[in-house]
There are 2 protein chains.
Amino acid sequence: MDEQAPWVQQQADPLVPRDDDLRHAMELLFFAYRDFTGEADAILADYDMGRAHHRAIYFIGANTGISVSELLAILKITKQSLNRVLSTLIDEGYVVQETDDGDRRRRLMHLTPKGRDLEQLVTRRQSAHIARAYREAGLEATEGFRRVLFGLINEADRHRVTPPATPVRT
Amino acid sequence: MDEQAPWVQQQADPLVPRDDDLRHAMELLFFAYRDFTGEADAILADYDMGRAHHRAIYFIGANTGISVSELLAILKITKQSLNRVLSTLIDEGYVVQETDDGDRRRRLMHLTPKGRDLEQLVTRRQSAHIARAYREAGLEATEGFRRVLFGLINEADRHRVTPPATPVRT
DNA sequence: GCATATAAGTCAATAACACTGACTTATTTT
DNA sequence: AAAATAAGTCAGTGTTATTGACTTATATGC
C-alpha cells in the first residue's frame, strides 16, 4: 500500500509538483550536466587530464589562496584522490603551493600563469555554452534557474558558491 | 590580446551575461548535481551498485521497451561499459530483455517488479529533494530552471527528454 | 540470393577516478 | 606537555569508463 491511487495522484496545488514534473526535472539535470561537462572533458583530454584536474584548477582559480582542506570540502572527495590530481598539477606547473604565514601548517594554493591560461580556456568555452542558454531562455528564466539549483545544494554548502559581484535581482 | 579591458567588460545589456554570472552558474551546476546524485549513490551502495546501474535502471524504467542502442545513445557511454552494468542487472533480476518481434536483432528491455521497486525507491528520494527545491523557489522559477537546462542540452538530444504529461506552462 | 549494414554481445587490455585504513610530520592550540 | 589540526604518504582495492578487434544474428538494398 505504498502507491497512491491514480485518481488522486494528480495534485491540483501547483506547489506540490507532480511525479512526471519531477522526473522531467531529473532528466533535464542529467542531460544538461552530461553535455555541459562533456565540453570541458574534451578540451582537458588534449592535456592528458580529466574532469578531476579541471575541477581542481577551476576552484583554485576561483578561490585564490585556498587551502587543501577547503578544496577537499568543496570537491567532497578523499585526500588521497585529490593528492594524485594535485601532485600532477604541481609537478607540471599549473598550480603552486605556499606556506601560510599565519598558520604554517596550511598550504595555500594558486594558479600559475600556465594554470590560469588553461583555466580560462576551459571556462570560456563552458561560459559560451551557458551564455547561449541564458540568452535563449531570457533574463527571468535565468533567475529561476539559479533559485532552483541553489535550493538543490545542501544547506551546509551553499556558502561555498561564489556569488556574482552584483546580483541580477533579489 | 585576448582579454577585454576591465572598463568595457561589464556589459549594460542584460542579454549578454557577465563573466561572474556565468561562473556562478557553473558553480551552481556543479554543487547541485553533486548533492543531487550523492543521494542516489548512497542508496545504491546498499545494493552494491553504483551510479551507472542507477542510470540504466532509471532510463529503462522511464522508457519501457527501450533497445540497447537507444540506451547507449542516452547514456553516451560505450557498449562495453553498459554491458558490464546490464549483465549484472539482468543476472540479479532487475531487468529482462525480450527479442523484438518486428526486428529480431533488437533486445527490448524492461524492469522486473524487483527492478521497479528499486527504481521507485531511488526516484522517490530524489523526487523529494527536487520537490522541496521547486516549492521553495516557486512556480515561476521552476519554469526558468527547465528552460535554461533544456537549452544546455545538445540540440540533437533534446528529443530524448521525456516531457511531463501536461506542460505547466508554455 | 548475395552483399552490406545494423544490433547485440564478447574478448583482452588499459586508464581515470574514486575508495579505505593506517601512518608520519609539522604546527598550533589547550 | 598533550591533544588537535593540516598536510602528505603508503599499500591495496573497486567502479566506471575507455579502445580495438571480433563474432553472431538479422535485416535491407540491389
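So you know, we letter chains A, B, ... as the sequences are listed, proteins then strands, and number each from 1.
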Worksheet item: Reckon B/Thr78 has a side-chain N or O less than 4.0 Å from the OP1 or OP2 of D/dT18?
Response: yes
Worksheet item: In terms of the nearest nucleotide of DNA chain C, which residue is placed more toward the 5' end: B/Ile90 or A/Lys76?
Response: B/Ile90
Discussion item. Strictly below 4.0 Å, N to O, side chains only: are A/Asp21 and B/Arg146 in salt-bridge contact?
Written reply: no
Worksheet item: On the ring face of B/Phe31, is A/Arg158 found with NZ or CZ under 6.0 Å from the centre and within 45° of the axis?
Response: no
Could you list the protein-to-nucleotides 27-29 of chain D atom pairs, N/O on both sides, closer than 3.5 Å?
from, atom 1, to, atom 2, distance (Å)
D/dA27, OP1, B/Arg104, N, 2.9

Worksheet item: At how many degrees, to 10°, do the end axes of the helix from C/dG1-D/dC30 to C/dT30-D/dA1 meet when each uses five pairs?
Response: 40°
Discussion item. For A/Thr123, run the side chain to side chain donor-acceptor pair (under 3.5 Å) check against A/Gln126, A/Arg125, A/Glu119, A/Gln120 and tell me which one passes.
Written reply: A/Glu119
Worksheet entry | Over all atoms of both residues, closest heavy-atom pair of B/Val122 and B/Ala40 | CG1-CB, 3.6 Å
Response to the item:
By nearest-nucleotide position on DNA chain D, the 5'-leaning member of A/Ser87 and A/Arg106 is A/Arg106
Worksheet item: Got a second to check how far B/Leu111's CG is from B/Ile60's CD1, nearest 0.5 Å?
Response: 6.0 Å
Discussion item. Measure CZ/A/Arg84 against P/C/dA18 and give the value in whole Å, please.
Written reply: 7 Å
Worksheet item: So does B/Ser81 get a side-chain nitrogen or oxygen closer than 4.0 Å to the phosphate oxygens (OP1/OP2) of D/dT18?
Response: yes
Fill in: Value rounded to 0.5 Å, distance of CG in A/Leu44 from CD in A/Glu39
11.5 Å
Worksheet item: So which nucleotide from D/dT15, C/dT20, C/dA8 ends up closest to the side chain of B/Ser69?
Response: C/dA8
Worksheet entry | Contacts of type side chain to side chain donor-acceptor pair (under 3.5 Å), residue B/Asp117, not counting sequence neighbours | none
Item to complete: Write down the distance between CE (A/Met109) and P (D/dA7), rounded to a whole number of angstrom.
Response: 7 Å
Item to complete: Indicate yes or no: does B/Glu140 engage A/Arg147 in a salt bridge with an N to O separation below 4.0 Å.
Response: no
Worksheet, complete the sentence: Those residues at least two apart in sequence (or on a different chain) that pass ring pair (Phe, Tyr, Trp, His ring centres under 6.0 Å) with A/Phe36 are none
Discussion item. Nearest whole Å is fine: how far is D/dA17 P from B/Leu75 CG?
Written reply: 8 Å
Worksheet item: How many Å lie between CD1 on A/Ile77 and P on D/dT15, as a whole number?
Response: 19 Å
Worksheet item: Is A/Asn83 near enough to D/dA7 that one of its side-chain N or O atoms lies under 4.0 angstrom from OP1 or OP2?
Response: no
Worksheet item: In residues 44-65 of chain B, which residues come under 4.0 Å of DNA chain C by heavy atom?
Response: none
Fill in: A/Phe59 side, atom CZ; A/Thr64 side, atom OG1 - distance, nearest 0.5 Å
13.5 Å
Worksheet item: What is the distance from atom OG1 of A/Thr88 to atom NE2 of A/His53, rounded to the nearest 0.5 Å?
Response: 4.5 Å
Worksheet item: Side chain of B/Val68: nearest nucleotide among C/dG9, C/dC19, D/dA17?
Response: C/dG9
Discussion item. Taking any heavy-atom pair under 4.0 Å as a contact, classify B/Gln97: base, sugar-phosphate, or nothing.
Written reply: sugar-phosphate
Contacts under 3.5 Å, N or O only, protein and nucleotides 22-25 of chain C:
from, atom 1, to, atom 2, distance (Å)
C/dA22, N6, A/Gln80, NE2, 3.2

Item to complete: Check the distance between C/dA7's P and B/Leu71's CG and give it to me in whole angstrom.
Response: 14 Å
Fill in: Pairwise distance CG(A/Leu149) to CZ(B/Phe30) - rounded to 0.5 angstrom
13.0 Å
Item to complete: Take atom CD of A/Glu98 and atom C1' of D/dA6, then tell me their distance rounded to the nearest Å.
Response: 17 Å
Worksheet item: What distance do B/Asp100 atom CG and B/Leu108 atom CG have between them, rounded to the nearest 0.5 Å?
Response: 4.5 Å
Worksheet item: Is any NZ, NE, NH1 or NH2 atom of the basic residue among B/Arg23 and B/Glu27 found under 4.0 Å from an Asp or Glu carboxylate oxygen of the other?
Response: no
